[in-house]
Enquirer: 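Have a look at the structure that comes next, please.
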Number of protein chains: 2
Amino acid sequence: MPSRGQAGTAARVTLRDVAGLAGVSMSTASLVFSGNKPVAEDTAGRVRDAAERLGYTGPHPMASSLRHGRSGVIAAVVERRILHAFRDPYVVAVLDGLSQVVGEMGSGLLLLPDATEGHGDPGPQVSRIVADAAVFMLCGDENNALAAQFAARGVPVVGTGAPCGPGIVQVEVPERDASAQVARHLRDLGHRTVGHIMMPLAWGNETGLRTLDTVRRSHFPDTRERALGVRDVFRRAALVEAAEADFDSGYAAANLLLDRPDPPTAIIAQSDLLAAGAVQAASDRGLRVPEDLSVTGFDGVSLPWFGRELTTIDQRPLEKGRAVGEVVRDLLAGDEVGDVSFEVSLRVGDTTGPAPVGRR
Amino acid sequence: MPSRGQAGTAARVTLRDVAGLAGVSMSTASLVFSGNKPVAEDTAGRVRDAAERLGYTGPHPMASSLRHGRSGVIAAVVERRILHAFRDPYVVAVLDGLSQVVGEMGSGLLLLPDATEGHGDPGPQVSRIVADAAVFMLCGDENNALAAQFAARGVPVVGTGAPCGPGIVQVEVPERDASAQVARHLRDLGHRTVGHIMMPLAWGNETGLRTLDTVRRSHFPDTRERALGVRDVFRRAALVEAAEADFDSGYAAANLLLDRPDPPTAIIAQSDLLAAGAVQAASDRGLRVPEDLSVTGFDGVSLPWFGRELTTIDQRPLEKGRAVGEVVRDLLAGDEVGDVSFEVSLRVGDTTGPAPVGRR
DNA sequence: GCAGACTATCGAATCGATTCGATCGAATCG
DNA sequence: CGATTCGATCGAATCGATTCGATAGTCTGC
């Protein structure tokens with residue numbers, strides 16, 4: 001290990017210095033570090049010695065990146081404050097899977113909270129962001145200015161349903177089908193009056209009751225499709241939009257539904273966290289789950305503090321993240337990549353049961 | 001917005017092309033985009049027109065970075081899999097605060113899961129990672145190969161207690177004092193037999209009982225200092241190391257403590273998540289909190305699903321993250337920056353109460 | 001002993017943008 | 001009117017490394 005006495009901005013040691021001290025050309029020195037072509041062992045030794053003596057720690061990443069045209073940075077755009085987005089274990093699991101593949105590629109994941117939440121001018125600094133590819137992994141708006149900027153720069157963009165646009169490769173889940181599948185499960189259990197807790201239809205909305213028309217006009221494709229999936233089965237489900245896909249919003253939304261004159265016997269929530277909040281709301285009202293109220297989620301994440309086994313759609317978020325990563329990898333390898341469809345499945349837990357007698 | 005018909009690897013449009021079409025030199029064209037010196041309005045217009053016509057989206061970030069010596073990337077090293085680390089709301093909150101400041105700097109946050117968990121060879125690809133600074137925000141090992149690499153490269157490194165080393169600037173919390181403060185709170189409530197759930201003493205350990213000697217030998221300064229803080233007040237607290245700082249480990253650790261022949265009347269957990277797990281364990285055994293068992297945490301995070309107000313040390317994680325970010329900002333501005341000490345305080349909630357009568 | 005096949009190494013061009021100092025024309029001043 | 005200043009623009013060097021094609025030098029085989 002090279003001794004480093006002083007910190008600060010000592011003049012940077014470059015390949016030129018190393019080559020000079022070793023008495024070889026820069027090209028040769030470069031080959032020693034990249035290993036792209038064989039170098040005679042004693043020459044290589046001299047170069048390495050020189051490097052060590054000078055405290056050269058290897059090629060300067062930026063210079064290297066410029067030459068290679070690859071920075072080793074994959075941008076992951078988070079269309080919310082990290083504090084909110086990462087509260088959801090689904091997001092964290094997807095990110096984990098993605099980071100695995102990105103790590104295997106020898107790249108890093110650049111977290112890019114999109115302060116504008118997808119609208120407005122992302123600001124000039126965005127175009128200064130170094131990235132080989134950009135990934136959108138939240139269920140956000142179908143239009144996103146940041147995505148458009150990346151695409152215009154020729155940076156490959158991958159999404160999971162949103163944003164969409166020409167040149168954006170998707171890893172897609174059959175949202176509508178999956179959602180309908182949950183609904184059918186409840187219908188088969190005899191439920192006829194259901195409430196539906198949707199994810200945000202737009203950023204910044206309050207938690208509250210909605211009409212189907214509002215849903216149809218939403219620019220959040222995932223939310224919209226899942227809502228339509230429920231509607232395919234239950235024509236008249238009461239709709240509540242959650243302000244955030246989190247526990248508190250699920251709690252509040254469930255209370256709105258249960259306060260209705262004709263309270264539901266089942267609540268379909270479009271995220272596990274929302275569902276957990278709904279279960280809590282029921283429990284606080286003295287309703288037993290699933291005897292008095294069935295609750296379903298969507299995602300299939302593990303919530304260790306939630307003592308139940310949620311009936312949910314298992315999205316295998318970790319694998320989904322990996323799938324996204326693999327698309328990125330293939331795109332950067334120059335392969336022709338089309339949209340990928342990602343399989344999900346219903347997992348029945350202990351939060352759903354037959355509709356209460358007399359209410360079916 | 002420039003029309004982009006075809007995707008793919010069309011030859012990149014560079015400043016040279018734009019300058020050529022506009023009939024100016026590259027230097028002038030560059031000035032138009034950087035705004036570093038005034039350019040005559042009609043010249044600037046011609047350049048912007050040319051850029052639009054060619055679909056030039058602004059200076060190439062990598063080239064720009066090379067020239068400026070700044071990449072706009074701040075590396076945040078996570079010494080665990082993201083899936084585990086981000087399960088802890090404390091980590092997420094710190095990250096959120098950090099990302100705010102980093103965002104204000106116009107930079108991005110590069111997530112770097114350290115697969116080696118701080119030991120072993122981080123691999124050659126690490127030295128290819130572009131970053132202006134590196135941040136360690138978890139309570140990890142005091143020695144970290146990755147941190148050493150960054151430091152050797154002259155990249156400023158900032159930590160929160162760990163890793164430490166020459167040239168690593170710290171944002172430090174008085175861990176030992178804070179921990180002792182919690183312990184004194186319990187002693188003042190009459191508790192004499194306490195159990196102590198510690199965070200990991202090393203990566204990969206099982207949850208289990210430990211001796212003080214083992215603790216003293218740990219290379220995780222935060223865990224160690226907090227443990228010593230408890231010991232300053234309770235000489236004979238039973239010690240359990242949690243495998244992870246998460247709910248399940250807290251649950252398991254609490255059970256180990258409560259299974260002892262002389263079960264504690266209070267449990268000190270070194271993270272809120274661990275504490276929440278401990279409360280659950282108590283509750284599953286029919287113990288009331290705080291009447292039968294007091295439980296304390298550390299961090300001061302919000303756990304919406306946890307219906308209690310935990311007695312804890314409020315670390316203001318968001319502000320802590322911001323503080324770390326500000327150190328990074330100042331370092332990159334060239335300021336002389338020393339270690340920062342970060343204030344925390346005891347927050348008494350409803351999970352602690354007087355020791356049960358007859359057991360004090 | 002020499003053509004031919006290889007190796008190891010080198011020089012120069014390149015990746016794309018930024019910036020310092022120089023130049024040139026026009027405007028200002030006495 | 002000549003000297004001076006100012007503003008706009010340009011040329012060339014630079015950031016640091018990589019790579020292609022060329023050049024010595026080495027070894028084989030006949």
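These figures come from a predicted structure and were not determined experimentally. To find a chain, count down the sequence lines: A is the first, B the second, and so on, and within it residues start at 1.
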Enquirer: Got a second to check how far L54(B)'s CG is from L21(B)'s CG, nearest 0.5 Å?
Expert: 5.0 Å
Enquirer: Could you tell me whether a side-chain N or O of H84(A) sits under 3.5 Å from a main-chain N or O of R80(A), the two making a donor and an acceptor?
Expert: no
Enquirer: How would you summarise protein contacts on nucleotides 6-16 of chain D per nucleotide, using B for base, S for sugar-phosphate only and - for none, with heavy-atom distances below 4.0 Å?
Expert: --SSBBB-BBB
Enquirer: How long is the straight-line distance from CG of L66(A) back to CZ of R67(B), given to the nearest 0.5 Å?
Expert: 12.0 Å
Enquirer: Taking all heavy atoms of S71(B) and all of V130(A), pick out the closest pair and write down the distance.
Expert: O-CG2, 3.8 Å
Enquirer: Using modelled atom types and a 3.5 Å cut-off, is there a donor and acceptor pairing between side-chain atoms of N144(B) and backbone atoms of P163(B)?
Expert: no
Enquirer: Between P on dA17(D) and NE2 on H68(A), what's the gap in Å once rounded to a whole number?
Expert: 12 Å
Enquirer: Examine dT18(D): is either OP1 or OP2 under 4.0 Å from a nitrogen or oxygen in the side chain of N36(A)? Give yes or no.
Expert: no
Enquirer: How many angstroms lie between atom CZ of R70(A) and atom CE of M62(B), to the nearest 0.5 angstrom?
Expert: 8.5 Å
Enquirer: Given the rule that a pair is Watson-Crick or G-U wobble with both distances under 3.5 Å, how would you write DNA chain C in dot-bracket, using | for pairs to a different strand?
Expert: ||||||||||||||||||||||||||||||
Enquirer: So, S25(A) versus T28(A): side-chain donor-acceptor pair below 3.5 Å or not?
Expert: yes
Enquirer: Can you name the nearest heavy-atom pair linking V169(B) to G338(B), along with the distance?
Expert: CG1-O, 3.5 Å
